Amino acid sequence: MAKRIVILTGAGVSAESGVPTFRGPDGLWEGHRVEDVATPQAFDRDPRLVQSFYDQRRAALAGVQPNPAHHALARLDSAWPHGKDHDLLLVTQNVDDLHERAGSRRMLHMHGDLKSAWCLACDSRTPWTGPLLDAPVCPVCNARGHLRPDIVWFGEMPYHMARIDRALARADLFVSIGTSGNVYPAAGFVDLARKAGADTLELNLDQSMASDRFAQSRLGPAGTLVPALVDDLLGTESSAR
């Protein structure tokens, strides 16, 4: 029976709320080449384009809501025991705030957060809901024009990797939900979990590039599969007490 769980969520979870996936069938992200809006070089070359792109993504969050998968994971977070024998960590590759709005608390954004700004002058990170295109003042150091989206771009190191690695090394269940299985280091989490002896489960709309590395793969909408999994986990936990 699982007691220490690590859950990874990807674009497939937020897509059911209407959030565009990172890459469309044409390889573009909402009409832009990824290389033009998601690399440090793109920001150096055309900061106004990059700031405008993320300002629009940040503003669009007001028009989407958490879906049943988000709410189910928040329910698991609330009900799962705390203590030395139990643990739960939700790691998301998504940069939206839908997990938080649903109520998840034991979670990490490994690829950053649209509602956070990073000051390149003082290295502070600040909750942010407005635009960055107009070069606002950093609320920590008062420098103007040094704030950028607190997003992990290609070529940058994902956040919280040491904590994620520790959790995977202790996990007895790793669940991947709505991920493509081709973006590293997240795509390698299943291998780390298996090495630690954890059971592994993939929930996805379709087979991913990593499906054959999971002990079990369930196909279908996250909004259906995730609540069923949470019901099963909480039911098993309750019956064991």
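Keep in mind it's a predicted model, so treat the numbers as computed, not measured.
A donor-acceptor pair under 3.5 Å is formed between the side chain of Arg144 and the backbone N or O of Ala135. A donor-acceptor distance shorter than 3.5 angstrom exists from the side chain of Thr200 to the backbone of Ala215, with no hydrogens or angles considered. Counting only distance, with no hydrogens or angles, the side chain of Asp150 and the backbone of Gly112 share no donor-acceptor pair below 3.5 Å. In this structure, the side chain of His109 does not engage the main chain of Thr92 through any donor-acceptor pair within 3.5 Å. Asp172 places no side-chain N or O within donor-acceptor distance of the main-chain N or O of Ala198, the cut-off being under 3.5 Å. Checked by atom type and distance alone, the side chain of Arg194 pairs as donor or acceptor with a backbone atom of Arg213 at under 3.5 Å. With hydrogens and angles ignored, the 3.5 Å screen pairs no side-chain donor or acceptor of Arg170 with any backbone N or O of Arg166. Checked by atom type and distance alone, the side chain of Arg101 never pairs as donor or acceptor with a backbone atom of Ser104 at under 3.5 Å. A donor-acceptor pair under 3.5 Å is formed between the side chain of Arg105 and the backbone N or O of Glu100.
Arg163 CZ to Met161 CE: the interatomic distance, rounded to the nearest 0.5 Å, is 13.0 Å. Rounding to the nearest 0.5 angstrom, the gap separating the CG atom in Leu205 from the CD1 atom in Ile177 is 13.5 Å. Rounded to the nearest 0.5 angstrom, Leu132 CG and Asp55 CG are separated by 5.5 Å. With rounding to the nearest 0.5 angstrom, the CG atom of Asp36 is 7.5 Å from the OG1 atom of Thr39. Atom OG of Ser180 and atom CG of Asn204 lie 8.5 Å apart (nearest 0.5 Å). The structure places CG of Leu133 at 12.5 Å from CG of Leu147, a figure rounded to the nearest 0.5 Å.
Side chain to side chain, Thr9 and His99 meet the donor-acceptor criterion of an N or O pair below 3.5 Å. Donor-acceptor pairing under 3.5 Å is recorded for the side chains of Ser211 and Gln207. Counted by atom type alone, Ser208 and Glu202 present one or more donor-acceptor pairs between their side chains at under 3.5 Å. For the residue pair Ser52/Gln56, the side-chain donor-acceptor check at 3.5 Å is satisfied.
Using a 4.5 Å heavy-atom threshold, the side chains of His82 and Arg106 count as touching. Looking only at side-chain heavy atoms (C-beta outward), Cys141 and Cys119 come within less than 4.5 Å of each other. The side-chain heavy atoms of Gln93 and Thr179, taken from C-beta on, include a pair separated by under 4.5 Å. Side-chain contact between Cys122 and Cys138 is present, with at least one heavy-atom pair separated by less than 4.5 Å. Two residues are said to be in side-chain contact when any heavy atoms from C-beta on lie closer than 4.5 Å; Phe43 and Leu120 meet this criterion. Looking at Gln51 and Pro149, their side chains come closer than 4.5 Å, going by heavy atoms from C-beta outward.
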- [ ] Could you give me the CA-CA distance, side-chain angles and deciding distance for Asp113 and Arg125, then say whether salt bridge (Lys or Arg N to Asp or Glu O under 4.0 Å) is met?
- [x] CA-CA 10 Å; Asp113 182 352; Arg125 286 170 168 82; over 6 Å; no

- [ ] Assess whether side-chain contact (heavy atoms from CB on, under 4.5 Å) is satisfied between Val140 and Thr126, documenting all intermediate values.
- [x] CA-CA 8 Å; Val140 177; Thr126 304; 3.9 Å; yes

- [ ] Let me see the working for Val175 and Leu8 under side-chain contact (heavy atoms from CB on, under 4.5 Å), right down to the final yes or no.
- [x] CA-CA 6 Å; Val175 184; Leu8 172 70; over 6 Å; no

Task: Verdict with supporting geometry, Lys3 and Asp87, side-chain contact (heavy atoms from CB on, under 4.5 Å) - done: CA-CA 6 Å; Lys3 292 185 176 181; Asp87 199 7; over 6 Å; no

TODO: Apply side-chain contact (heavy atoms from CB on, under 4.5 Å) to the pair Ser78 and Arg75, showing each step before the final yes or no.
DONE: CA-CA 5 Å; Ser78 177; Arg75 178 162 56 92; 5.8 Å; no

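Residues Leu229 and Leu173 share a single hydrophobic cluster, defined by chaining ILVMFWY side chains whose heavy atoms lie under 4.5 Å apart. At a threshold of 4.5 Å between side-chain heavy atoms, the hydrophobic network of Ile, Leu, Val, Met, Phe, Trp and Tyr places Val152 and Trp128 in two separate groups. The hydrophobic clustering, which links ILVMFWY residues whose side-chain heavy atoms are closer than 4.5 Å, places Phe189 and Tyr159 apart. There is no path of hydrophobic side-chain contacts, each under 4.5 Å, that joins Val183 to Val190. In this structure, Val230 is not a member of the same hydrophobic cluster as Leu219, with clusters built from ILVMFWY side-chain heavy atoms closer than 4.5 Å.
Here the closest non-hydrogen pair linking Glu156 and Ile151 is OE1-O, 3.4 Å. A pairwise comparison of heavy atoms in Asn67 and Ser17 identifies ND2-OG, 2.9 Å as the closest pair. Of all heavy-atom pairs spanning Ala102 and Ala74, the tightest one is O-CB, 3.3 Å. For Val95 against His111, the heavy-atom pair with the smallest separation is CG1-O, 3.5 Å. Closest heavy-atom contact between Glu16 and Gly223: OE1-N, 2.9 Å. The two residues Ser14 and Leu98 have their closest heavy-atom pair at OG-CD1, 4.1 Å.
Among the candidates Leu90, Asp199, Leu233, the single residue satisfying the side-chain contact (heavy atoms from CB on, under 4.5 Å) test with Ile5 is Leu233. Checked options Leu201, Leu89, Leu88, Val226; the residue passing with Ile7 is Leu88 (criterion: side-chain contact (heavy atoms from CB on, under 4.5 Å)).
In this structure, Arg58 forms no cation-pi arrangement with Tyr54, as its terminal cationic atom is not both closer than 6.0 Å to the ring centre and no more than 45° off the ring axis. Figure legend: cation-pi geometry between Arg4 and Trp80 absent, as NZ or CZ is not positioned both under 6.0 Å from the six-membered ring centre and within 45° of its axis.
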